[in-house]
Colleague: 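Quick one: structure below, then a few questions.
Source: prediction; values computed, not measured. No hydrogens, no waters, no symmetry mates; every other heavy atom, side chains included, goes into these values. So you know, we letter chains A, B, ... as the sequences are listed, proteins then strands, and number each from 1.
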Amino acid sequence: MKEILRNLLLQAADTLLARNELVLNSQPEFGIERTRNSAHGDFASNIAMILAKTQQRNPRELAQALVGALPASDAVEKVEIAGPGFINFFLTTRAYHDELRRVFHEGGDYGRSRQGVHKIVGVEFVSANPTGPLHVGHGRAAAIGDTICRLLDATGWNVTREFYYNDAGAQIANLALSVQARCKGIEPDDPRWPADGYRGEYIREIARAYMTRETAGRDDSAWDTDLMASGDPDDLDAIRSFAVNWLRHEQDQDLRAFGVEFDVYYLESSLYADGKLDNVVKRIIDEGHAYEADGALWLKSTDFGDDKDRVMRKSDGTCTYFVPDIAYHYSKWQRGYKRAITELGADHHGSLARVRAGLQALDLGIPKGWPEYVLHQMVTVMRGGEEVKISKRAGGYVTLRDLIDEVGRDATRYFLICRKSDSQLVFDIDLARAQSFDNPVYYIQYAHARICSVQRQMHERSIVFDRKPALASLDRLQSEHAQTVLREISRYPEVVEAAAACLEPHLLAQYLRELAQAFHTWYNAEQFLIEDEALRDARLALAFGTRQVLANGLDLLGISAPETM
RNA sequence: GCGCCCGUAGCUCAAUCGGAUAGAGCAUCGGCCUUCUAAGCCGACGGUUGCUGGUUCGAGUCCAGUCGGGCGCGCCA
């Protein structure tokens, strides 16, 4: 719909241009938006006020000229000029009927578009260290990252989901020591317990499995073989491999239960094995962006906007954590991702400048703003009005698995996605569990189930719904409630586009609630299965169209659309 | 001390990349089931968008400052 109006305005501008009533040296950048107030029509454009600046003209007068030059369209009922120079468009009911017909015509593809067609984008998210189970924060990362992927896919991008495993380094060594201690029967409060060891119960479980020579699971392609525990408590290498494999398997199971699957698992250890890490360090030295001091090698990250230089290689010869990050992101660039998105917890935002600086230091023409980052703020979990602490070291914290088991996958995903990612989130377990209207996810699903129920009733009463005559009788939809539903449906493609463009999935979550609300209101006001055939057809068409849009939207959120509840 | 994010109704949060009269849900109060799912609907109540300036046709949104909260600032990851 928006595109129709945009084209009309551009044609009008062209007409004025041809008449020398307008001077432009570039395509005008202007907005067309849904109005908040129906007295202002359906859409409003600020084009006249934008152009007024460069044209040195009165915006209302300019708006008048533009409106005068607008080509005729059967989508537009009337056009008004209002306020400081808004051009308000009132659309015909026909325009809305056409949109509903499009829903039926395009079905599951309604709302999909092709802006990103043929372009590839790599999206990295979760990337949890394999040192423990996934917690709520990872859940938020998973929900946001996966939904962004679905949105990008819906707007024509070719998306690869990628998970980066820090399976090398100090935390992993710490993990191995912790499991080893458990293997030897050492408890966390024992003086022999490793400093900063992981104290959680899952460590005991891994140790038990290792000692009883279980097989650590494996169901992704990044590992070559299943790993058999040797059962030897002195073989730290074996313990490390086993523990990492075990935890990766657990994490993978949890993510699958959450409806999230990855295309690529990228292992930090592979950067050491194949020399990528050394190459990156060498390249940065060769480009003159590094120097030796105090026995360490420093990156001159201040050359690229960081507030201080950073140690790349410590005096003990090992690299600091962000060097593999640089090498890893460089590998994305090498693999052809002109667009890459990295989803991270906001507590890591400090590394962002470092990684970008390192990529600039390679001097390989990687754009300054590459990769794009999406950061999410912390999640606080509430239960019974009290905060549930999540600390990995302390043990007993709320895992993603706990939430999925207790709250359910759909509600968990919805709650983690429904707020803007850069605002802190309070996850109220009691509210998320509530099987009531308090719970927005059920509210949306209920709308879908209700429509399915109507369809079942229809069959029971042997009423036949034929799409063609139904879509021809939409003029019978006169009520304000039905009009509201029509309007909400027509917004869907715009919402998908905006959510994908801004990488803000919460816009879609919010919208689906509004669509469901419009439907529930209408449902309560009017009967669908009535005697008047044409009116019945029209109402059923609108109801089934609503169901389609709800299903499409829920699918993009990775939430099921149940037929009964 | 420096950097990033956030301050919006009693609570949890929106607000279409500067748009017109700031919106939902929860909570509170009052209505609606011989009707396709009441897991629903309608109405009422609720605001100086932390504060002070600035930019312009127009600011919750942008800028400066200030107060409050979170996170980060290591030869940890």
Colleague: Would you measure the distance from the C1' atom in B:G60 across to the matching atom in B:G50 and give it in whole Å?
Modeller: 12 Å
Colleague: List the steps and the verdict of ring-ring contact (aromatic ring centres under 6.0 Å, His included) for A:Phe304 and A:His289.
Modeller: CA-CA 10 Å; A:Phe304 307 100; A:His289 297 299; 5.0 Å; yes
Colleague: Counting only Watson-Crick pairs (N1-N3 plus N6-O4 or O6-N4) and G-U wobbles (N1-O2, O6-N3), all under 3.5 Å, who is the partner of B:U28?
Modeller: B:A44
Colleague: Hey, does the Lys NZ or Arg CZ of A:Arg450 hover above the aromatic six-ring of A:Phe519, less than 6.0 Å from the centre and inside 45° of the axis?
Modeller: no
Colleague: Please determine whether any donor N or O and acceptor N or O are separated by less than 3.5 Å between the side chain of A:Ser315 and the base of B:C75.
Modeller: yes
Colleague: Answer with yes or no whether A:Tyr321 presents, from its side chain, a donor or acceptor under 3.5 Å of a partner atom in the base of B:A77.
Modeller: yes
Colleague: For a quick test of reading the model, state the closest non-hydrogen atom pair linking A:Ala243 to A:Leu175 and the distance between them.
Modeller: CB-CD2, 3.9 Å
Colleague: When you measure from the side-chain N and O atoms of A:Ser423 to the phosphate of B:A14, is any distance below 4.0 Å, counting only OP1 and OP2?
Modeller: yes
Colleague: When we call it a touch if two heavy atoms are under 4.0 Å apart, what does A:Asp294 touch: a base, just sugar-phosphate, or nothing?
Modeller: base
Colleague: Donor-acceptor pair under 3.5 Å: do we get one between A:Asn88's side chain and the base of B:A20?
Modeller: yes
Colleague: In the structure shown, which nucleotide is the Watson-Crick or G-U wobble counterpart of B:C75, with both distances under 3.5 Å?
Modeller: none
Colleague: Any cation-pi pair here, A:Arg339 with A:Trp157, using under 6.0 Å and within 45°?
Modeller: yes
Colleague: Would you indicate what A:Ala296 reaches in the nucleic acid, counting non-hydrogen atoms under 4.0 angstrom: base, sugar-phosphate, or nothing?
Modeller: base
Colleague: Phosphate oxygens OP1/OP2 of B:C42: is one of them under 4.0 Å from a side-chain N or O of A:Thr521?
Modeller: yes
Colleague: Any base atoms under 4.0 Å from A:Leu425, or only sugar-phosphate, or nothing? Heavy atoms, all strands.
Modeller: sugar-phosphate
Colleague: Indicate, with a heavy-atom threshold strictly under 4.0 Å, whether A:Ala52 touches base, sugar-phosphate, or nothing.
Modeller: nothing
Colleague: Categorize A:Thr320 for me: base, sugar-phosphate, or nothing, with a 4.0 angstrom heavy-atom threshold over every strand shown.
Modeller: sugar-phosphate
Colleague: Answer with base, sugar-phosphate or nothing: what part of the nucleic acid does A:Ala353 contact at a heavy-atom distance below 4.0 Å?
Modeller: nothing
Colleague: The side chain of A:Thr35 lies closest to which of these nucleotides: B:C75, B:U12, B:A20?
Modeller: B:A20
Colleague: Identify whether any heavy atom of A:Glu497 sits under 4.0 Å from a base atom; if not, whether one sits that close to sugar-phosphate; answer base, sugar-phosphate or nothing.
Modeller: nothing
Colleague: Can you tell me if the side-chain N/O atoms of A:Arg536 get under 4.0 Å from OP1 or OP2 in B:C36?
Modeller: no
Colleague: Could you tell me the Watson-Crick or G-U partner of B:C4, where both distances fall under 3.5 Å? Say none if there is no partner.
Modeller: B:G70
Colleague: Tell me whether the side-chain N/O atoms of A:Lys308 come closer than 4.0 Å to OP1 or OP2 in B:G74.
Modeller: yes
Colleague: Looking across every strand, which nucleic acid part, if any, lies under 4.0 Å from A:Leu507 by heavy atom: base, sugar-phosphate, or nothing?
Modeller: sugar-phosphate
Colleague: Using the C1' atoms only, state how far B:C26 lies from B:C45, rounded to an integer number of Å.
Modeller: 14 Å
Colleague: Could you tell me whether the side-chain ring of A:His506 sits stacked on the base of B:A14, using a centroid cut-off under 5.5 Å and a plane angle under 30°?
Modeller: no
Colleague: Would A:Thr318 and A:Asp316 satisfy side-chain hydrogen bond (donor to acceptor under 3.5 Å, both in side chains), going step by step from the backbone distance to the final call?
Modeller: CA-CA 6 Å; A:Thr318 62; A:Asp316 69 2; 2.8 Å; yes
Colleague: Considering every strand and a 4.0 Å limit on heavy-atom distances, what is the contact class for A:Arg36: base, sugar-phosphate, or nothing?
Modeller: base
Colleague: Base, sugar-phosphate alone, or nothing: which one does A:Ala82 contact when heavy atoms must sit under 4.0 Å apart?
Modeller: base
Colleague: Does the ring of A:Phe86 meet both stacking tests against the six-membered base ring of B:A20: centre distance under 5.5 Å and plane angle under 30°?
Modeller: yes
Colleague: Base, sugar-phosphate, or nothing for A:Ser351, non-hydrogen atoms under 4.0 angstrom?
Modeller: nothing
Colleague: Using the P atoms only, state how far B:A22 lies from B:C51, rounded to an integer number of Å.
Modeller: 16 Å
Colleague: Return the nucleotide paired to B:G53: Watson-Crick means purine N1 to pyrimidine N3 with N6-O4 or O6-N4, wobble means G-U with N1-O2 and O6-N3, both under 3.5 Å.
Modeller: B:C63
Colleague: For A:Phe30, is the NZ or CZ atom of A:Arg6 found under 6.0 angstrom from the centre of its six-membered ring and inside 45 degrees of the ring axis?
Modeller: yes
Colleague: For B:U49 and B:A15, measure between their C1' atoms and round to the nearest Å.
Modeller: 11 Å
Colleague: Apply ring-ring contact (aromatic ring centres under 6.0 Å, His included) to the pair A:Tyr266 and A:Phe163, showing each step before the final yes or no.
Modeller: CA-CA 6 Å; A:Tyr266 202 99; A:Phe163 192 126; over 10 Å; no
Colleague: Between B:G30 and B:G69, how far apart are the P atoms? Round to whole Å, please.
Modeller: 39 Å
Colleague: Quick check on side-chain contact (heavy atoms from CB on, under 4.5 Å): which of A:Ile417, A:Val379, A:Val381, A:Thr380 does A:Leu425 satisfy it with?
Modeller: A:Val379
Colleague: Given B:C5, B:U21, B:C57, identify the nucleotide with an atom nearest to the side chain of A:Asp422.
Modeller: B:C5
Colleague: Measure from CZ on A:Phe30 to P on B:G58 and round the result to the nearest Å.
Modeller: 23 Å
Colleague: Looking at B:C71, B:A20, B:G19, which one has an atom nearest to any side-chain atom of A:Asp347?
Modeller: B:C71
Colleague: Considering only atom C1', compute the distance from B:A38 to B:G46 and round it to an integer number of Å.
Modeller: 26 Å
Colleague: Roughly how far apart, to the nearest Å, are B:G43 and B:C5 at atom P?
Modeller: 39 Å
Colleague: Identify whether any heavy atom of A:His520 sits under 4.0 Å from a base atom; if not, whether one sits that close to sugar-phosphate; answer base, sugar-phosphate or nothing.
Modeller: sugar-phosphate
Colleague: Show your working on ring-ring contact (aromatic ring centres under 6.0 Å, His included) between A:Tyr265 and A:Tyr164 and close with a plain yes or no.
Modeller: CA-CA 6 Å; A:Tyr265 294 88; A:Tyr164 175 63; over 10 Å; no
Colleague: Does a nitrogen or oxygen in the side chain of A:Lys314 sit under 4.0 Å from OP1 or OP2 of B:C76?
Modeller: yes
Colleague: Are A:Gln510 and B:G25 close enough that a side-chain N or O sits under 4.0 Å from OP1 or OP2?
Modeller: no
Colleague: Measure distances between side-chain N and O atoms of A:His349 and base N and O atoms of B:G3, and say whether any donor-acceptor pair falls under 3.5 Å.
Modeller: yes
Colleague: Which part of the nucleic acid does A:Asn46 contact within heavy-atom distance under 4.0 Å: base, sugar-phosphate only, or nothing?
Modeller: base
Colleague: I'd like the P distance from B:G23 over to B:A9, given in whole Å.
Modeller: 14 Å
Colleague: Within the structure, does a side-chain N or O atom of A:Tyr523 lie under 4.0 Å from either OP1 or OP2 of B:C33?
Modeller: no
